[in-house]
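Owing to the predicted nature of the structure, the values given are computational and were not obtained by experimental measurement. All residue numbers in this chain count up from 1 along the given sequence.
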Amino acid sequence: MKKVLPILLSGSLLAVAANSNGQAKISQDSLMRYYNRLAKGSDAEKDLLSDKMYALTKSKKETDWLTAAQYFYRLKKNNVGDSIQAAAEKKFPAGIIVRNKSVDTIYNENDPAKKEALYKAWVKKFPEGKLNDDRIIYDYARNSVGTAYAIADNLPKALEYANSIVSPFWKGQGWVGTAERIAKNGHTAEAKVLLKKAIDNAWEFKTTRKNEEGARFAAIGYPGYLSSYAQLLYNDKEYDSALVYLKRAEQAETPVRPQVNEMYAKVLMAKGEYSEVFARMSEITAQGKLNSNNKDLLAAAYAKVRNDNKLESYIDSLKSGLNKKMQEEFAKQIIQEPAPGFTLKDVDGNTVSLSDYKGKTIVLDFWATWCGPCKASFPAMKKAMEKYKNDPNVKFLFVHTWEKEADAPANAKKFITSNNYPFEVLMDLKDPATGVNKVVDIYKVQGIPTKFVIDGKGNIRFRFTGFSGGDDAAVAEVSAMITLANQQ
């Protein structure tokens with residue numbers, strides 16, 4: 001049995017195990033905690049961490065090189081991290097980096113048989129479990145093969161690969177993806193089996209397995225899985241059974257996601273319960289989540305419940321309280337932090353500074369062309385801009401960041417112009433010296449889309465991330481924050 005000794009390193013007490021020669025060996029977890037503390041420390045501590053990371057590049061272990069790269073990214077020395085990754089790729093030609101890059105050949109192939117052959121060759125070259133316990137990358141690859149077979153309507157192969165996923169927390173995600181594709185090809189019974197397994201798996205992670213690795217990710221899809229299962233039951237006209245699963249989805253989260261309410265309304269409509277449909281769709285409308293897909297449900301229920309031609313007036317009356325509700329909600333979230341200044345080029349090469357808009361209320365929207373939720377929010381942002389088009393004291397700036405394309409400005413401009421968005425797009429490109437996107441970094445953005453509302457005095461008053469869907473709700477959110485920022 002190894003003897004555990006305490007050791008003090010720069011004020012940090014670490015657990016140390018004595019090896020067979022009596023020498024102290026710091027446990028990996030303690031070492032990572034030590035590195036993390038240095039990364040958050042003073043300039044001197046960060047310099048010490050940098051020295052230790054350079055020392056790791058003399059190791060014969062690729063994992064040490066990857067650790068070094070990771071912490072250089074933490075230190076905002078992205079170019080150093082990139083160079084270490086590139087050097088490690090050459091030094092370890094059969095290692096983790098090469099394995100992770102090589103898997104792209106599988107993803108890029110569309111033919112299922114060729115994709116499967118590439119997958120088998122890749123696994124032969126990089127056997128699972130040999131380099132590290134990184135099962136999820138093999139699950140992603142297996143799922144890619146299975147998805148191709150599902151699209152090609154090869155049911156046995158699709159099911160084989162769906163059931164080969166080994167990461168417990170990702171099984172539900174894989175099963176649901178396959179279920180959705182095979183259901184489109186008419187294999188409802190098999191899709192139901194996969195969805196039911198996904199529901200049971202997610203429920204376990206919400207309850208008895210919630211302390212396991214990845215439990216939160218595994219459980220988060222639970223309401224959506226229930227809704228998808230209810231959709232299949234609805235398609236088979238099993239309305240009462242569908243309601244059982246929708247009730248579970250309704251009880252799983254607050255507020256209830258719009259797609260669950262929509263599915264509920266479809267089932268109730270089929271059962272002829274028009275008043276209940278009317279109530280549910282009215283609630284969705286009042287939340288600002290009415291769209292072209294679900295408006296027909298409201299219209300059908302309205303025609304059954306109210307014998308008049310005033311649907312549009314009714315919709316307007318429901319939405320009338322949305323702005324007030326949003327103002328009350330966001331009044332509780334207001335902050336006051338100085339907005340960091342910046343100067344960037346727009347997509348046409350013109351220089352733009354935040355200070356150019358001194359005295360104005362600014363909506364700052366961080367996005368990227370590869371970001372699905374960012375692009376999904378843009379129709380609503382266009383509506384918000386239109387609402388303030390005659391207000392010279394409100395300015396919208398869209399900052400493209402975390403680029404992945406070689407010519408990001410051209411790609412961003414193409415996307416904006418092809419969709420007729422009247423946005424002023426600024427390019428937060430990587431700094432050549434550090435490899436860091438400076439503006440997204442100084443604003444401490446953790447994910448995109450993230451929006452900031454800056455008041456006329458140069459203070460950040462609101463910060464919000466993500467897009468929940470619903471153009472009316474999104475416009476009301478932005479409008480409420482602008483109104484509150486202008487009152488300060």
Side-chain angles (χ1 to χ4, degrees), residues 254-255 283-290 315-344 346 352-367 373-374 376-399 401 421-426 428 439-440 442-488:
T254 303
E283 181 182 348
I284 289 174
T285 305
Q287 293 171 352
K289 300 296 177 67
L290 195 68
I315 290 174
D316 289 340
S317 70
L318 290 173
K319 295 192 296 187
S320 64
L322 192 57
N323 287 339
K324 181 180 179 181
K325 179 181 177 182
M326 289 296 181
Q327 285 189 35
E328 291 174 351
E329 181 179 327
F330 281 99
K332 305 170 187 175
Q333 302 176 28
I334 198 164
I335 59 176
Q336 183 169 346
E337 300 173 5
F342 60 81
T343 298
L344 294 172
D346 67 15
V352 178
S353 296
L354 184 65
S355 59
D356 295 340
Y357 303 103
K358 186 177 180 181
K360 298 182 185 297
T361 299
I362 299 168
V363 179
L364 200 61
D365 189 335
F366 287 91
W367 72 288
C374 301
S377 73
F378 278 1
M381 293 305 293
K382 182 179 180 180
K383 289 183 179 180
M385 282 189 65
E386 289 171 350
K387 181 174 181 177
Y388 290 94
K389 65 182 180 181
N390 296 321
D391 189 337
N393 292 315
V394 177
K395 181 68 178 178
F396 288 76
L397 296 174
F398 294 81
V399 181
T401 190
Y421 291 133
F423 300 165
E424 182 170 357
V425 176
L426 310 182
D428 178 31
V439 179
V440 78
I442 60 175
Y443 273 80
K444 300 178 182 178
V445 173
Q446 300 298 314
I448 54 176
T450 289
K451 297 173 180 62
F452 295 83
V453 176
I454 302 170
D455 67 18
K457 297 177 183 178
N459 293 310
I460 297 171
R461 306 318 303 254
F462 296 97
R463 176 193 294 110
F464 58 111
T465 300
F467 175 63
S468 59
D471 289 359
D472 292 327
V475 172
E477 287 175 353
V478 173
S479 179
M481 287 184 276
I482 290 173
T483 299
L484 291 165
N486 285 338
Q487 292 174 355
Q488 304 306 308

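- Classified by interplanar angle (parallel below 30°, tilted 30° to 60°, perpendicular above 60°), the ring pair F423/F398 is parallel.
- When each of V439, D428, L426 is tested with T401 by the rule side-chain contact (heavy atoms from CB on, under 4.5 Å), just one qualifies, namely D428.
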field: side-chain contact (heavy atoms from CB on, under 4.5 Å) evaluation trace for T450 with F464
entry: CA-CA 6 Å; T450 289; F464 58 111; over 6 Å; no
query: Passes side-chain contact (heavy atoms from CB on, under 4.5 Å), M481 versus Q333? Steps please.
result: CA-CA 10 Å; M481 287 184 276; Q333 302 176 28; over 6 Å; no
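- I362 places none of its side-chain heavy atoms less than 4.5 Å from the side chain of F452.
- Between the side chain of Y443 and the backbone N or O of P340 there is at least one donor-acceptor pair closer than 3.5 Å.
- Considering only heavy atoms from C-beta on, V363 comes within 4.5 Å of M381 through its side chain.
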Name each donor-acceptor pair under 3.5 Å that joins a side chain in residues 316-325 to protein atoms two or more places apart or in another chain, with its distance.
{"unit_1": "S317", "atom_1": "OG", "unit_2": "Y314", "atom_2": "O", "d": "2.6"}
{"unit_1": "K319", "atom_1": "NZ", "unit_2": "D472", "atom_2": "OD2", "d": "3.4"}
{"unit_1": "S320", "atom_1": "OG", "unit_2": "S317", "atom_2": "O", "d": "2.6"}

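- The closest donor-acceptor contact from the side chain of N486 to the backbone of T483 lies at 3.5 Å or more, if one exists at all.
- Taking a cutoff of 4.0 Å between a charged side-chain nitrogen and a carboxylate oxygen, E477 and K451 do not qualify as a salt bridge.
- Proximity of a side-chain donor or acceptor of N459 to a complementary backbone N or O of R461 within less than 3.5 Å is not detected.
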query: Where do Y388 and S479 land on the side-chain contact (heavy atoms from CB on, under 4.5 Å) test, with the steps shown first?
result: CA-CA 9 Å; Y388 290 94; S479 179; 3.0 Å; yes
